[in-house]
Amino acid sequence: MFFGMKRFYLTTAIDYANGAPHIGHAYEKVLSDVMARYRRARGDEVHFLTGLDEHGQKVQKSAIANGVAPQTFCDQMAEKYKKLCEDLEISNDDYIRTTEERHKKVVRQLLQKLFDEGEIYLDEYTGFYSQRAEQFLQEKDRVDGEWPADFGEVVEITEQNYFFKLKKYQPWLIQFLEDNPDFIVPSFRQKQVMEFLKEDLNDLSISRPKERLEWGIPLPFDVNYVTYVWFDALINYISAVGFGEDGFEEFWPVDYHVIGKDILVPAHAIYWLIMLKACDIPLPKHILVHGFWTSSGAKVSKSVGNVINPLDYVKDFGKDSFRYFVTREMKVGQDAEFSHERFLSRYSGELANDLGNLLSRVLNMVGRYTDGVIPAPAGADELDKQLVKEFETAAKQAVANFDDLEFSVGLESVMDFVKSINKYAETRAPWKLAKSESAEDQDLLKTTLAHMAEALRLVSPLLNPVIPSSIGKLQEHLGVPVELRNEQILNRPVWEFKLTGLPVGEKVILFPRPEKS
Ligand code: MSP
């Protein structure tokens with residue numbers, strides 16, 4: 001039994017190992033990372049998991065096409081996906097691969113338990129099978145009598161398989177969702193699940209005969225079969241945190257599980273929840289469902305072939321620019337269009353001009369006018385008070401938005417405040433005050449620089465979850481002492497001119513003009 005403090009446990013979908021990472025994979029990790037960093041800033045002990053889904057037909061096929069053994073292929077893909085995490089500065093605490101023994105052991109254990117309890121049975125089944133979707137299709141999947149092209153080649157097959165008694169849990173699941181209306185975020189996604197549950201569920205085939213598929217976890221009770229990839233993959237969220245061992249409750253249940261809209265129904269909202277229930281494992285607290293990135297209106301995907309390589313953007317504009325763009329551009333839950341023009345416009349407008357130039361200005365002016373030391377304010381008139389007030393409103397708003405997982409909206413209010421700092425500077429024109437000999441103007445200059453520096457100091461923790469390395473640089477160059485960079489400042493940001501008397505660092509360009517754009 002675990003008696004300590006439970007961690008804030010955050011998980012993402014695990015990516016298929018059958019192709020290179022694209023913006024969809026990158027986005028999900030950035031979104032989750034922003035959540036993880038934000039929760040840490042709020043004082044939570046976060047445990048953040050992501051990983052790779054390595055079994056199944058698609059992976060076996062890709063390995064064959066590449067002329068290597070599936071395990072070798074997965075090892076190569078794992079390097080790529082882990083590199084993506086590093087390149088995007090994802091702060092995951094663990095990375096699970098479904099070919100790891102710690103995972104396979106739990107899958108076998110749960111399959112055996114469900115089999116022993118009669119929740120899994122052998123039956124003969126004839127049906128239409130889509131290799132691409134790795135599932136048997138139902139008549140209702142047809143569109144105008146045809147199988148949609150998304151399913152690829154569909155063939156009728158008869159085979160014996162093991163089935164999990166999904167159907168009998170349908171009334172329980174409906175009740176659970178009715179009792180927990182906030183379970184799936186955004187709520188319109190929960191309504192979709194309820195809609196889906198209006199139709200009767202079928203039991204789920206959880207095995208694949210070895211002659212059809214070898215690359216999977218063998219069933220512990222029948223060596224002629226391997227486990228259906230979803231029944232294996234969905235276990236990763238518990239196998240990674242030591243299901244069945246001491247300390248599991250330190251992590252489980254997961255606080256937020258982040259996925260894209262395509263794998264909510266039936267995989268996560270139906271199979272996963274029922275699997276957990278059947279195994280007597282507590283359910284997740286929330287599922288957060290994001291939309292799709294599109295390119296010229298079509299879902300970005302390997303099969304469509306319109307893949308946007310996030311790493312190209314990281315290379316040309318830096319990881320934070322990519323993180324900023326996707327967080328700012330996509331309202332969590334809705335789809336968003338990835339366009340190069342939008343990217344450029346946000347990059348040069350919001351990051352390079354509004355934020356980057358503001359820091360340069362402050363560093364420059366403090367360097368030239370006050371000997372590189374941030375001055376104390378020499379008073380505060382209406383304009384200064386207004387800036388402080390605007391900060392308080394923006395910070396409150398942003399924290400409320402971030403708490404509600406509305407990162408795009410929260411960022412907008414933070415960046416609007418950054419614009420306000422620039423407007424404040426334009427109105428005051430400290431560069432003109434600096435030229436004046438009058439004591440009054442010299443005081444106003446100090447007041448202005450003190451306010452600008454304090455505004456930047458206070459705004460920085462609010463941007464830190466999204467653009468951590470740029471904010472690290474900003475704080476360093478602005479001379480924010482390490483103990484004041486404390487992210488817990490999010491809890492109660494107070495305007496106190498804490499940088500007074502401290503030297504600023506070298507000049508720096510946070511978001512340089514890219515070589516090619
Ligand atoms: N392996 C399964 C998930 C198993 S979870 C036990 C899978 N993998 S995936 O590689 O296809 O997708 C991984 C995640 O990326 C999913 O949450 C998916 O929704 C997301 N995205 C894939 N393409 C996407 C976009 N174009 N846009 C945004 N995210 C999308 O599904």
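We use all heavy atoms of the structure for the numbers below, so side chains are in, but hydrogens, waters and symmetry mates are not. Order of appearance sets the numbers: ligands from 1, and atoms from 1 within every ligand.
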Pair Y313-H340, side-chain donor/acceptor within less than 3.5 Å: yes

Name the one of H103, K105, R102, Q109 that satisfies side chain to side chain contact (heavy atoms under 4.5 Å, CB included) with F243? Q109

At a non-hydrogen distance cut-off of under 4.0 Å, which region of D15 contacts ligand 1 (side chain, backbone, both, or neither)? both

With heavy atoms only and a cut-off of under 4.0 Å, state how Y27 meets ligand 1: side chain, backbone, both or neither. neither

Answer yes or no on whether R39 is positioned over the face of F48, meaning its NZ or CZ is under 6.0 Å from the six-membered ring centre and within 45° of the axis. no

If we set the cut-off at 4.0 Å for heavy atoms, which region of F338 has an atom near ligand 1: side chain, backbone, both, or neither? neither

So is there a nitrogen or oxygen of E28 less than 3.5 Å from a nitrogen or oxygen in ligand 1? yes

Do any nitrogen or oxygen atoms of H268 lie less than 3.5 angstrom from nitrogen or oxygen atoms of ligand 1? no

Ligand 1 to G260 polar contact by distance, N or O atoms, under 3.5 Å: yes

Using the six-membered ring wherever Trp is involved, compare the ring planes of H268 and H257 and label them parallel, tilted or perpendicular (cut-offs 30° and 60°). tilted

Does any N/O atom on D262 come nearer than 3.5 Å to any N/O atom on ligand 1? yes

Are K261 and D335 within salt-bridge range, i.e. N to O under 4.0 Å? yes

Nearest neighbour in protein (non-hydrogen) for atom 10 (O) of ligand 1: H25 NE2, 2.9 Å

